[in-house]
Amino acid sequence: MHLQNKDLAMYKEYKGLNLPQIDKDVLEFWEANRIFEKSVEQRPEDNRYVFYEGPPSANGKPGIHHVMARTVKDLFCRYHSMKGKRVERKGGWDTHGLPIELNVEKELGITKEDIGKAISVDEYNRRCRETVMRYKDMWDDITRKMGYWVDLHDPYITFENDYIESVWWLLRQLYDKGLMYKGYTIQPYSPAAGTGLSSHELNLPGAYRDITDTSAVAQFKVKGKENEYFLAWTTTPWTLPSNTALAVGKNISYVKVRCFNRYTGALTDVILAKDRLSAYFSEQNPGLKPEDVKAGNKPIPYLEVVAEMKGAELEGIEYEQLMPYVQPDKPAFRVLLGDFVSTEDGTGIVHIAPTFGADDFKVARENDIPPLVVKDELGNPMPLVDKQGRFVNEVSDFAGRYVKDYGQEEERPVDVDIVIKLKEEDKLFLSEKYVHSYPHCWRTDKPVLYYPLDSWFIKSTAAKERMFELNQTINWKPKSTGEGRFGKWLENLQDWNLSRSRYWGTPLPIWRSEDQQEEKCIGSVEELRQEIRKANEALGLSQEVPNDLHRPYIDEIVLLSDSGKPMKRELDLIDVWFDSGAMPSAQWHYPFENKKVFEKNYPADFIAEGVDQTRGWFYTLHAIAVMVFDSVSFKNVVSNGLVLDAEGNKMSKSKGNVLDPFQVIENHSADVTRWYMMSNANPWDNLKFDIKGLEEVQRKFFGTLYNTYSFFALYANIDKFYNKEEQVPLSERPEIDRWIISLLNSLVKEVDADYADYEPTQATRKVHNFVNDNLSNWYVRLCRRRFWKPSQQQNGKGSAMDMDKLAAYQTLYECLVTVAKLMAPAAPFFADWMYRNLNEASGLENHESVHLAGFPTANEAVIDKDLEQRMDYAQRISSLALSLRKKEKIRVRQPLHKILLPILDSHFQEQVEAVKGLVLSEINVKDIEYVTDTSGILKKKIKPNFKTLGRRLGKDMKAAAQAIGNMGQEDIARIEKTKQYILEVDGNSYELTLEDFEITAEDIPGWQVAGDDDITVALDITLDEELEAEGMARDIVNRIQNIRKDKDFEVTDKIRVALQKHDALVPAVEKYGEYIKAETLATGLQLVDEMIDGEEIELPGEVKVNISVHRQ
RNA sequence: AGUCUCGUAGCUCAGCUGGUUAGAGCGCUACACUGAUAAUGUAGAGGCCGGCGGUUCAAGUCCGCCCGAGACUACCA
């Protein structure tokens, strides 16, 4: 009984490779046995590898690119887990933000304006909260199916009160450090929707569209001069009434040109950039008459250039207001210097309207130039265009008119009427249609205005230096993203605009008094409670901390200022990016709970996301970490590229080229998908996702590995090899075993280093090459006989294995189990499947899964570079010899006498000698004959060693190469003997050593040779009877084996064979009859004169005979 | 517009700090092998290494400019 039980433990054998099925089986196993949980629990608490999960939004469906990003994450977490680290992976969900609001509005068929009217904020937010997790099940499903190990049971969720409280705490830290301020800036604003827009919204597809505007080059009259004007170009004439300054470039050259105005014929001097002269003027013509200049948009001739000056000289010059509807409250209307001024288009002079441009606003403020404003009904200043996009009454001629196309009906756009007015007043130099891309509101489809709005900012510029410094300690993959994209971004850092005028998000915890003089930033729920109590007492209210910290409840809370005034919350929400950047502390509800946990898990060892997160999550993590904790928040970061379709197009729903990740995984398995993604290209390069590539990975890598395993399992089961025997010492194993073990250990070393260096592509490619080229195509192919031969001779009855066979099994087992471990981080399913198939039969390791095993460590002692080199020689010599056979059309089954191998140094000969047996059997040749110099029949080739000589010879290198190339056999022989050479070129003499040459064998006269870089092989193709008989015998064996197979005989069945007599067969059967019988398990082999019942076979030399094969 | 990445065979990619016949796999064609066989081997065809210019004895590799693809950032008037 006991023995029988033992016999039951066998290597599982399969009918075929079904990777998707393996996925499912392994997944079931993991879940039933809590493998993920164990892989965490089994590692020590104090040896952590900290990973932060960048929270996805479950509001959209997962795509194939998520599989990419999560493969990267999973791979390194699994790797470090196998390296003995405790890798906890807390999941998370990003639940705030615009896309969620959009979804809700779309579903309800409402716009932002309806919020608070048609639908209460309360109801609206309730809908958002419901929508947020809409696809959570789908996400959980893809997470499972792709084998991404992340803890989904206790994720952080950004809309929860605890999370919000931690975010508030962080904001309070910034506030206390004086890093938060309220400011006025020019922001994209949609009058049609009545809301400010984020840059994200402007970057939605289709937001920027080409539109045709009426552009104008206006003439700004220089104060105190007659008929002298600055020319400034604008594509938005409606901003001209708001003009308060002009900007020029300090180092730009300007000219004053005398010309006739094309509309009025008036003689005028105009100032514009010299570089732009040709854009507005044709030729100089001193004798020009006014009638020579016609209205029209082409360049016009001019009289003369009357002056030239630098922009710096123009600074401070005053001019007369162009459209004097509203007066400034401070001096304005002068020329400023602006570094943004270019001469690429326009006139090189920029019209400045501080209320409608960010640059304008900034340069005006720096120069103390006021904006033009009027008072609204509450007496607050407002620009000359109202929030609906209409001119205010003060702009009398155009009062109430929309400045852009907002669907109003009118004869002409207001821009055109402004231009007409300028023309009438002799203030227009030129007007023409201009096509440019202009942002539109994604929802109303109407043009966006840049409009001054109030916002809260984080003064990130104050921490710029420190962010830059700390960034340099982060290991970025690829480096260029960190140094370039991210580094440059930090260098040009702007303050972080935190405000969003929305409803579903983390509320800004700042309360202000009505006169804006006092404010409080709340840093915790407890603080809010105390403040509420104070306010309740003073104001006689009965407020409480709301159950939900979102709007609208939080908006209702009135707090008390220090001087006793009521304060209301600033209605803004904060940028959702702050939510995600807050996750290192907020996921633990730090500092209100889990202080220790946070400290142990900060900063992260590793994060990974798409490269599009560089200025998103990567930045917000970094910024918050630097400003609040003065530290990095992650030490290593991998930013992966995009996943494109097979043609290299971005996947998008509109193109219909989006791949369903569930389909891909269902059809091709998670492992193939993961392996393909990792091995095909570096994760930071864009991946052209091609199903054909998946199929190739499946066939070439997984198919080969599966074949190798199946081969092993088949014979190991027959021989009952369960690796229970003592290991055959390496020194007693054959060369080829020591070779593959050496390679295996080299592989372990390299793959370990690659994973540690966040180079998954290198790692997976190396494993692939090892499995295909070395393990399967060389080791297994050459060792096949070792596995089956003895068992056949022993007639399938288990008995003591000979040492050689045992060594083969042990070697192959070790390779397979090690490969399983090496590939486990990238292809976790197949790796575990193979590991368990092996380990459950052998019981060698007490891990129930490969993911609980340790990552292999390389045994340096068994790495033998010399051995690796000589096997490389063996492979190359074999390949060359086979190519010669091919050329000579001699089949491989035909044995040959010998190959000739020129020997250039004795070490090479020793190396080849050690692998001689392998080579001979591989190429079916009886012997290797070494050809040395002394034989005199070797022709050699000499080349300069450019690497050593180039630097020394410099210009003489060319001549030297020529001279060396012309050397004869005697010269080469002399150099080899004396090991030195005096080279004379161009009168210079150089002392060269053997190092400076590359000498290779070129030819053996009279023989067909084949050669690669430094190996040359010649094949002796003479045949004699003996060889021919043996060749024939091998072909007979082959035919009989085929018949055995066709007839589905068991490998152990004995047979009787009868062959029709033929002259060509007689010597083979006479000399090699025993060999044929042994190979085919034939107990009888006879030649018969007449054969009726047999089948016909074809043998070399167009010999056709009948043969009969019968099971005994 | 700026920053960054990428551009090598029909396709996917190697090509180390510059070194002289530019490689692999897939695909294609032909042949061979066959006790791993929905495999395997060998050979062949297939490259102005995106373009132009420069540095150098020597450039796929370094530098500059340009073209193309992509990402991010950006109100250019």
Side-chain angles (χ1 to χ4, degrees), chain A residues 16-17 186-188 199 202-203 215 232-236 239 247 338 340-342 344-353 356-360 436 438-439 448-450 478 480-481 483-489 491-492 610-616 641-642 644 646 648-650 679-681 684-686 688 690 692-693 695-696 699-700 703-704 706-708 710-712 714 761 765 768-769 772 776-777 780-781 784-785 788-789 792 878-879 882-883 885-887 889 891-893 943-951 953-961 1038 1041-1042 1044-1045 1051 1079:
Chain A
L17 177 59
I186 309 298
Q187 291 167 38
S199 57
L202 285 190
N203 282 315
S215 76
W233 177 62
T234 181
T235 57
T236 52
T239 61
F340 51 87
V341 179
S342 78
E344 267 157 46
D345 45 22
T347 60
I349 301 177
V350 177
H351 135 68
I352 300 293
F356 301 114
D359 278 340
D360 307 42
H436 61 153
Y438 196 85
V448 160
L449 296 185
Y450 289 90
S480 59
T481 295
E483 281 173 1
R485 188 188 287 229
F486 195 66
K488 287 275 167 27
W489 161 256
E491 274 177 41
N492 303 317
V611 68
D612 52 338
Q613 295 294 339
T614 308
R615 283 146 192 198
L642 297 183
L644 310 171
N649 299 309
K650 197 177 172 181
S679 64
N680 189 67
W684 36 88
D685 291 331
N686 290 345
K688 285 188 198 165
D690 192 349
K692 287 203 209 96
E695 287 161 1
E696 190 180 323
R699 240 193 7 260
K700 295 295 287 183
T704 307
Y706 165 78
N707 271 342
T708 308
S710 303
F711 172 84
F712 170 84
L714 175 68
T761 309
R765 283 180 183 174
H768 177 112
N769 289 338
N772 272 268
S776 169
N777 289 349
V780 173
R781 196 159 55 82
R784 271 190 323 230
R785 283 181 89 83
W788 60 261
K789 186 90 192 215
Q792 183 190 51
S878 301
S879 163
L882 288 170
S883 83
R885 271 184 178 275
K886 156 84 191 160
K887 212 174 275 170
K889 296 198 195 307
R891 63 191 200 282
V892 177
R893 271 192 293 267
K943 255 182 4 185
N945 180 348
F946 285 90
K947 243 177 187 157
T948 62
L949 285 178
R951 197 171 304 135
L953 303 202
K955 279 193 197 306
D956 291 332
M957 190 62 222
K958 254 187 185 150
N1038 166 248
Q1041 301 288 30
N1042 286 349
R1044 286 184 63 110
K1045 229 168 123 194
V1051 282
E1079 287 291 310

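Owing to the predicted nature of the structure, the values given are computational and were not obtained by experimental measurement. In the text below, chain A, chain B and the rest are named by the order of the sequence lines, each starting its count at 1.
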Item checked: R699(A) vs G27(B): side-chain N/O to OP1/OP2 distance below 4.0 Å -> yes
Item checked: P atoms of G7(B) and G15(B), separation to the nearest Å -> 10 Å
Next item on the list: For nucleotides C66(B) and A58(B), find the distance between their C1' atoms and express it as a whole number of Å.
Entry: 26 Å
Notebook entry, point to check: Is there a Watson-Crick or G-U wobble partner for C57(B) with both distances under 3.5 Å, and which nucleotide is it?
Noted result: G19(B)
Item checked: C26(B) and U42(B), which share atom name P, separated by this distance in whole Å -> 11 Å
Next item on the list: Select from N945(A) and T708(A) the residue whose nearest nucleotide in RNA chain B is closer to the 5' end of that strand.
Entry: N945(A)
Next item on the list: Calculate the interatomic distance between F486(A) atom CZ and C4(B) atom P; express it in whole Å.
Entry: 15 Å
Next item on the list: Tell me what G693(A) touches on the nucleic acid: a base, only sugar-phosphate, or nothing, going by heavy atoms under 4.0 Å.
Entry: nothing
Notebook entry, point to check: What is the nucleic acid contact for K958(A), judged by heavy atoms within less than 4.0 Å: base, sugar-phosphate only, or nothing?
Noted result: sugar-phosphate
Check: What nucleotide among A36(B), A32(B), C6(B) has an atom nearest to a side-chain atom of D685(A)?
Finding: C6(B)
Margin query: Rounding to an integer number of Å, can you tell me how far L882(A) CG sits from C31(B) P?
Written below: 18 Å
Item checked: C6(B) versus G50(B) - spacing of their C1' atoms, nearest Å -> 11 Å
Note to self: Say we look at U61(B) and U55(B): how far apart would their C1' atoms be, to the nearest angstrom?
What the structure shows: 14 Å
Next item on the list: Please state how far atom CZ in R781(A) lies from atom C1' in U37(B), giving the value in whole angstrom units.
Entry: 14 Å
Note to self: Quick check for you: to the nearest 0.5 Å, what is the distance between L449(A) atom CG and I186(A) atom CD1?
What the structure shows: 11.0 Å
Note to self: Partner lookup for A77(B), please. Criteria are Watson-Crick or G-U wobble with both distances under 3.5 angstrom; report none if nothing qualifies.
What the structure shows: none
Next item on the list: Return the nearest nucleotide to the side chain of M957(A); candidates are G19(B), A36(B), G35(B).
Entry: G19(B)
Next item on the list: Answer with base, sugar-phosphate or nothing: what part of the nucleic acid does N680(A) contact at a heavy-atom distance below 4.0 Å?
Entry: sugar-phosphate
Check: Is there a donor-acceptor contact under 3.5 Å linking the side chains of S679(A) and H768(A)?
Finding: no
Check: What is the distance, rounded to the nearest whole Å, between atom CG of D956(A) and atom C1' of A58(B)?
Finding: 14 Å
Note to self: For the C1' atoms, the ones on C67(B) and on C52(B), what distance do you get once it is rounded to whole angstrom?
What the structure shows: 10 Å
Notebook entry, point to check: Just how far, in rounded Å, is P of C26(B) from CG of N769(A)?
Noted result: 12 Å
Margin query: Checking contacts here: which listed nucleotide (U40(B), G25(B), C33(B)) is nearest the side-chain heavy atoms of R891(A)?
Written below: C33(B)
Note to self: Rounded at 0.5 Å granularity, tell me how far CG in N707(A) sits from CG in L17(A).
What the structure shows: 8.5 Å
Checklist line | Candidate nucleotides A14(B), A36(B), A77(B), ranked by approach to the side chain of W233(A) - the nearest | finding: A77(B)
Margin query: If you only use heavy atoms from C-beta on, which nucleotide in A77(B), G19(B), A36(B) is closest to the side chain of K947(A)?
Written below: G19(B)
Notebook entry, point to check: Taking a pair as Watson-Crick or G-U wobble with both distances under 3.5 Å, which nucleotide is matched to A39(B)?
Noted result: none
Next item on the list: Scan every strand shown for a Watson-Crick or G-U wobble partner of C6(B), both distances under 3.5 Å, and answer none if you come up empty.
Entry: G68(B)
Check: Any side-chain heavy-atom pair from F711(A) and V780(A) closer than 4.5 angstrom?
Finding: yes
Check: Which residue, W684(A) or A961(A), contacts RNA chain B at a nucleotide closer to its 5' end, judged by nearest heavy atom?
Finding: W684(A)
Checklist line | Integer-rounded Å distance: U55(B) P and K955(A) NZ | finding: 10 Å
Margin query: Mind checking if K700(A) touches a base, just sugar-phosphate, or nothing, with heavy atoms under 4.0 Å?
Written below: sugar-phosphate
Checklist line | Reported CG-to-OG1 distance for the pair D360(A) and T239(A), which is rounded to 0.5 angstrom | finding: 7.5 Å
Margin query: At 4.0 Å (heavy atoms only), tell me whether S710(A) reaches a base, stays on the sugar-phosphate, or touches nothing.
Written below: nothing
Check: What about T239(A): does its side chain form a donor-acceptor pair under 3.5 Å with the base of A77(B)?
Finding: no
Checklist line | Span that lies between the C1' atom of A45(B) and that of A38(B), in whole angstrom | finding: 27 Å
Note to self: Checking contacts here: which listed nucleotide (G19(B), A36(B), U42(B)) is nearest the side-chain heavy atoms of S879(A)?
What the structure shows: U42(B)
Checklist line | Residue matched to G44(B) through Watson-Crick or wobble contacts both under 3.5 angstrom | finding: C28(B)
Check: Hey, does T234(A) reach any base, or is it just sugar-phosphate, or nothing, if we go heavy atoms under 4.0 Å?
Finding: sugar-phosphate
Checklist line | Pairwise distance OG1(T704(A)) to CZ(R699(A)) - rounded to 0.5 angstrom | finding: 9.5 Å
Checklist line | CG on N680(A) to CZ on R765(A), rounded to 0.5 Å | finding: 7.0 Å
Note to self: Can you check the distance between U21(B) and A14(B), where both ends of the measurement are the P atom (answer in whole Å)?
What the structure shows: 24 Å
Note to self: Can you tell me how far apart NZ (K943(A)) and CG (L949(A)) are? Round to the nearest 0.5 Å.
What the structure shows: 13.0 Å
Next item on the list: Could you check how far CZ of R784(A) sits from P of G41(B), rounded to whole Å?
Entry: 12 Å
Note to self: Output the rounded distance in Å from CD1 (I186(A)) to P (A77(B)).
What the structure shows: 14 Å
Next item on the list: Look at all strands and tell whether N1038(A) reaches a base, only sugar-phosphate, or nothing, counting heavy atoms closer than 4.0 Å.
Entry: sugar-phosphate
